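Notes follow the structure.
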Amino acid sequence: MDFALTDEQRDLQVAAARYLADRYPPDRIAALADAAVGDPDAWPELRRQGWCDPELGMVEKGLLAQENGYALHPTAWWSTVGLAQPVHRAAGAAMPPGPLTLAWQDEAGTDGGCRAAPAYGGGWRLTGTRCLVTDVAEVSGVLVAADTPDGLALFAVTMPADGMTVTPQPTLDRLRRTARLRFADTPAELLVTADTGRQVLAAARRHGGTLLACEAVGVARRALDLARRHAGQRVQFGRPIGAYQAVAHQLADSYVAVELATSLSLRAAWLVGAADRGAADEAEVGPAYAEAVVAAREAAVRACETALQVTGGLGATWEYPLHWWYRRALWLDCFDLPTAAHLATLARQVLAAPA
């Protein structure tokens with residue numbers, strides 16, 4: 001079986017890389033991050049180029065996510081395509097033209113959640129809290145997971161909405177900001193009923209998490225490129241520092257981690273896409289997803305920390321762009337389920353396997 005990318009997939013990745021490199025050079029990324037703002041003006045162009053097409057395959061989305069991580073693409077593309085689009089697909093509803101996000105996380109250390117109740121005269125009303133909601137400042141609508149008398153269901157809320165309060169939450173990554181949403185009798189439209197709400201939410205989280213693993217590969221690749229460029233240009237004792245084993249071995253180890261994460265993340269993307277079509281065994285998809293997340297998170301953090309070691313004092317300065325990719329790597333490392341949960345999935349698989 002040939003696991004190589006097709007010519008069309010390679011062309012897609014090259015075109016995405018060229019577009020992002022032209023539009024988001026490091027100095028512009030630094031300026032947007034310093035101001036803690038995204039680039040909402042880019043959304044019409046993304047839709048025109050087909051980045052949000054529902055027919056786009058999961059591997060193609062993974063390739064776009066890699067380039068997003070490499071460039072630190074400052075839009076709500078991941079929140080829309082990674083989280084919201086699978087919910088609309090499950091609901092059989094068309095995607096609206098604007099960017100979206102998904103709110104499902106409870107606030108740690110509290111008993112708060114979000115509840116939905118039928119409204120007098122029709123419709124639904126939401127009350128409660130959802131936290132760590134990504135890209136709220138840039139989206140035109142939010143999909144909210146809320147408890148109903150029959151179980152968990154998913155609702156659509158158009159922004160701005162009556163009774164909804166948005167409070168920014170502190171985050172290490174200024175290009176992917178999060179917020180706390182408070183609902184007080186907020187009107188909402190039912191998208192996915194309680195019969196399948198939990199399954200659809202779990203599938204959307206896995207879909208988005210797979211794209212985050214691909215994004216982590218792009219972050220790792222950018223950090224490794226910064227380190228390699230510096231190692232080839234910085235001269236000490238008459239030789240580039242990359243010629244010394246202490247530097248070369250670190251770069252080689254990071255390269256191996258990036259290559260492993262690349263293969264595992266694209267394999268997970270292919271399996272998740274096949275599972276969405278009912279063409280893959282769920283017993284294989286879960287461990288593949290866990291492998292991709294663990295490997296990609298480790299590769300991203302390791303590549304950034306290796307780059308900090310190689311670039312030395314320069315890499316630790318505010319003016320040098322590396323810290324923005326390091327922030328994204330750390331954000332990816334802790335978003336949604338912790339790495340320990342994915343390692344537990346892999347441990348169960350290993351322990352259940354026959355000797």
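No experiment lies behind these values; they were computed from the predicted model shown.
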Minimum heavy-atom distance between T75 and A42, given as atom pair plus value: CG2-CB, 4.0 Å
- request: Would you confirm whether Q169, through its side chain, and L132, through its main-chain N or O, come within 3.5 Å as a donor-acceptor pair?
  value: yes
- request: Report yes or no: does D53 contribute a side-chain atom to a donor-acceptor pair with the main-chain N or O of E55 at less than 3.5 Å?
  value: no
field: Exceeds 12 heavy-atom contacts within 6.0 angstrom, atom OH of Y19
entry: yes
- prompt: Can the ring centroids of W318 and W324 be said to lie less than 6.0 angstrom from one another?
  reply: yes
query: Does any non-hydrogen side-chain atom of I241 lie less than 4.5 Å from one of H230?
result: yes
- prompt: Should L251 and L322 be regarded as members of a common hydrophobic cluster, given that ILVMFWY residues are connected when their side-chain heavy atoms come within less than 4.5 Å of each other, either directly or indirectly?
  reply: no
task: Would you confirm whether H207, through its side chain, and G82, through its main-chain N or O, come within 3.5 Å as a donor-acceptor pair?
output: yes
- prompt: Looking at D39 and R28, does any basic side-chain N land under 4.0 Å from a carboxylate oxygen?
  reply: yes
Within-4.5 Å side-chain heavy-atom neighbours: W124 and T148: yes
- request: Kindly indicate, with the supporting measurements, whether the criterion side chain to side chain contact (heavy atoms under 4.5 Å, CB included) is fulfilled by E215 and R176.
  value: CA-CA 13 Å; E215 182 179 291; R176 183 165 284 158; 2.8 Å; yes
message: Quick test of your reading of the model: are R130 and E107 salt-bridged, counting only N-O distances below 4.0 Å?
response: no
message: I'd like to know if the side chain of W78 reaches the main chain of G208, judged simply by a donor and an acceptor atom lying under 3.5 Å from each other, with no hydrogens or angles considered.
response: yes
message: Using a 6.0 Å cut-off, check whether atom CZ of R234 has over 12 heavy atoms from anything other than its own residue.
response: no
- request: Would you kindly say whether E60 and Q9 are connected by a side-chain donor-acceptor distance under 3.5 Å?
  value: yes
query: Would you find more than 12 non-hydrogen atoms of other residues, nucleotides or ligands less than 6.0 Å from R198 atom CZ?
result: no
- prompt: Going by an N to O cut-off under 4.0 Å, is there a salt bridge joining R221 and E259?
  reply: no
- prompt: Does one hydrophobic cluster hold both V157 and L190, with members joined at side-chain heavy-atom distances below 4.5 Å?
  reply: yes
task: Considering only NZ, NE, NH1 and NH2 on the basic side and carboxylate oxygens on the acidic side, decide whether D7 and R10 come within less than 4.0 Å.
output: yes
query: Centres of the W104 and F155 rings: under 6.0 Å?
result: no
field: Polar side-chain atom of T345 near backbone of P287 as donor-acceptor pair, under 3.5 Å
entry: no
message: For T262, is there any backbone N or O sitting under 3.5 Å from a side-chain donor or acceptor partner on S265?
response: yes
- line: Minimal heavy-atom distance between A216 and A300, with the atoms involved, is O-CB, 3.6 Å
- prompt: Going by heavy atoms in the side chains, are H88 and P96 under 4.5 Å from each other?
  reply: yes
- request: Output yes when a side-chain donor or acceptor of R125 lies under 3.5 Å from a complementary backbone atom of D185, and no otherwise.
  value: yes
- prompt: If you count the non-hydrogen atoms of other residues, nucleotides and ligands that lie under 6.0 Å from CG in D34, is the total more than 12?
  reply: yes
Side chains of W325 and Y70 in contact at under 4.5 Å (non-hydrogen atoms): no
field: Option from R222, R229, R228 for which side-chain hydrogen bond (donor to acceptor under 3.5 Å, both in side chains) with D225 holds
entry: R228
- request: Could you pull out the closest heavy-atom pair between C304 and V219, with the gap in Å?
  value: SG-CG1, 4.1 Å
query: Going hydrophobic residue to hydrophobic residue with side-chain gaps under 4.5 angstrom, can you get from L100 over to F335?
result: no
- prompt: Using 4.0 Å as the upper bound for N to carboxylate O, is an ion pair formed by R206 and E282?
  reply: yes
task: Taking the side chain as every heavy atom from C-beta outward, state whether S79 and P99 have any atom pair closer than 4.5 Å.
output: no
message: Less than 4.5 Å apart, side chain to side chain, heavy atoms only: is that true for V142 and L102?
response: no
- prompt: Apart from L264 itself, what residues make up its hydrophobic cluster, given side-chain heavy atom links below 4.5 Å?
  reply: L260
- prompt: Hey, mind stepping through T127 and R115 against side chain to side chain donor-acceptor pair (under 3.5 Å) and telling me if it holds?
  reply: CA-CA 5 Å; T127 302; R115 296 168 299 283; 5.9 Å; no
- prompt: Of the non-hydrogen atoms in A257 and A299, which two are nearest, and what is the gap between them?
  reply: O-CB, 3.7 Å
field: Any side-chain heavy-atom pair of R177 and E138 under 4.5 Å
entry: yes
message: Side chains of K61 and Q66 only: does a donor on one sit below 3.5 Å from an acceptor on the other?
response: no
query: If you measure only the distance, is there a donor-acceptor pair under 3.5 Å linking the side chains of E67 and Q13?
result: yes
- prompt: Taking the side chain from W77 and the backbone from W43, do they hold a donor-acceptor pair closer than 3.5 Å?
  reply: no
message: With a 4.5 Å cut-off on side-chain heavy-atom distances among I, L, V, M, F, W and Y, is there a chain of contacts connecting V59 to V81?
response: yes
- prompt: What do the steps show when you test W331 against L172 for side chain to side chain contact (heavy atoms under 4.5 Å, CB included), and what is the final call?
  reply: CA-CA 7 Å; W331 186 93; L172 190 63; 5.7 Å; no
query: Of the non-hydrogen atoms in L191 and A93, which two are nearest, and what is the gap between them?
result: CD2-CB, 4.2 Å
- prompt: Sub-3.5 Å donor-acceptor pair from the side chain of T129 to the main-chain atoms of G113, do we have one?
  reply: no
field: Student check: side-chain heavy atoms of C114 and D147 closer than 4.5 Å
entry: no
task: Consider only side-chain N and O atoms of T101 and T134, and report whether a donor and an acceptor are under 3.5 Å apart.
output: yes
- request: Mind running side chain to side chain contact (heavy atoms under 4.5 Å, CB included) on T311 and L226 for me, showing each step along the way?
  value: CA-CA 8 Å; T311 54; L226 290 171; 5.7 Å; no
message: If hydrophobic clusters are built from ILVMFWY residues whose side chains come within less than 4.5 Å, do L337 and V200 share one?
response: no
- prompt: Do you know the tightest heavy-atom contact between G62 and C214?
  reply: O-CB, 3.4 Å
- prompt: Taking atom types as modelled, is there a side-chain donor on T178 or T171 under 3.5 Å from an acceptor on the other?
  reply: no
query: Does any N or O in the side chain of R328 come within less than 3.5 Å of the main-chain N or O of D173, such that one atom is a donor and the other an acceptor?
result: no
query: Going by atom types only, do Y326 and E305 share a side-chain donor-acceptor pair under 3.5 Å?
result: yes
- request: Run the numbers on L154 and L143 for side chain to side chain contact (heavy atoms under 4.5 Å, CB included), then give the verdict.
  value: CA-CA 7 Å; L154 293 163; L143 308 186; 5.8 Å; no
